[in-house]
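Note: hydrogens, waters and symmetry copies are ignored here, and every other heavy atom, side chains too, is used. Not measured: the values here are computed from a predicted model.
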Amino acid sequence: MLLRSIRARLTFWYTSLLTVTLLVLGGAAFLLLSYSLSHEVDAALNGVAGALAKRAHGGSANVPPADIEALFRRFFGFSPWDRYYQMLDPRGRRDPRESASFPERAALSREALNNAARGIPTFETVEGLGPHPVRLLTMPVMEGNRVVNLIQVGMSMQSVTETRVRFLLVMATLLPVGLLLAGSGGWLLARRALKPVVRMA
């Protein structure tokens, strides 16, 4: 009975230590995945906005929807289903003559407008533009030290959220299986390690 208790304790502590280790590693992997996905989205939005800003400097402010789709496909590697684009004047007002995919109710945030006046682009995650949160970049178009236009591009975070959820589901599935196998292996190792004691007893 005493040997069984020792074997059970060894297995319990081994499994507990492994559980904590896997949870820490899984949490770190999830954070790194989230950071990597967010960084890639921001970099792609910055590329799209930069290309549109160059076109605005060349006098082509009104960009056809097909060209917008091509730019998103170029920088994202695919064309997001929920993508957003609009060109604004320095005060944040939309020119009705220019193409845009933002809802009329979408308003430029005070932070983005203030940053744009200083020539600073602003990344935000906003709600209300669609069924999912939207990652939004507001980039000022500069001529010298003067802001002549504001470009806003955005993408739904649905794919990012779904990727995170799939990762968590995989972890939630593999963790119990891994612990079960590790616990069984720990029990067998403890049993083998205690065999000399059993023989002595």
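Distance alone, capped at 3.5 Å, is enough to place a donor-acceptor pair between the S34 side chain and the F30 backbone. N46 contributes no side-chain N or O that, together with a main-chain N or O of D42, makes up a donor-acceptor pair within less than 3.5 Å.
Taking the salt bridge (charged side-chain N to carboxylate O under 4.0 Å, His left out) definition, one finds that R166 meets it with nothing, sequence neighbours left out.
Between the CG atom in L137 and the CD1 atom in I151 there is a gap of 9.0 Å [rounded to 0.5 Å]. One distance of note links OG1 of T138 with CG of L108; it measures 5.5 Å at 0.5 Å rounding. Taking OH from Y35 and CD from E40, the interatomic distance works out to 10.5 Å, rounded to the nearest 0.5 Å. E162 CD to L169 CG: the interatomic distance, rounded to the nearest 0.5 Å, is 11.5 Å. With values rounded to the nearest 0.5 angstrom, Q152 atom CD is found 11.5 Å from L45 atom CG. Between atom CG of residue L37 and atom CG of residue L33 there is a gap of 4.5 Å, rounded to the nearest 0.5 Å.
Across A49 and V153, no two heavy atoms sit closer than the pair CB-CG2, 3.9 Å. Across all non-hydrogen atoms, the minimal contact from G50 to M139 is N-SD, 3.9 Å. Contact detail for D89 and N149: the closest heavy-atom pair is CA-ND2, 4.3 Å. When all heavy atoms are compared, the tightest approach of F167 to G26 is CE2-O, 4.0 Å. Across T125 and P133, no two heavy atoms sit closer than the pair CG2-CB, 4.0 Å. Here the closest non-hydrogen pair linking P140 and A116 is CB-O, 3.7 Å.
A heavy-atom distance below 4.5 Å is found between the side chains of M157 and R135. Counting heavy atoms from C-beta on, the side chains of Y84 and M155 never come closer than 4.5 Å.
Using a 3.5 Å distance cut-off with no hydrogens or angles, the side chains of E111 and T122 do not pair a donor with an acceptor.
Residues V148 and L52 share a hydrophobic cluster, clusters being chains of Ile/Leu/Val/Met/Phe/Trp/Tyr side chains in contact below 4.5 Å. Both L150 and M142 are part of a single hydrophobic cluster, where members link through side-chain heavy atoms under 4.5 Å apart.
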(request) Might you work through the side-chain contact (heavy atoms from CB on, under 4.5 Å) test for F72 and V48, ending with a clear yes or no? (result) CA-CA 6 Å; F72 272 89; V48 173; 4.1 Å; yes
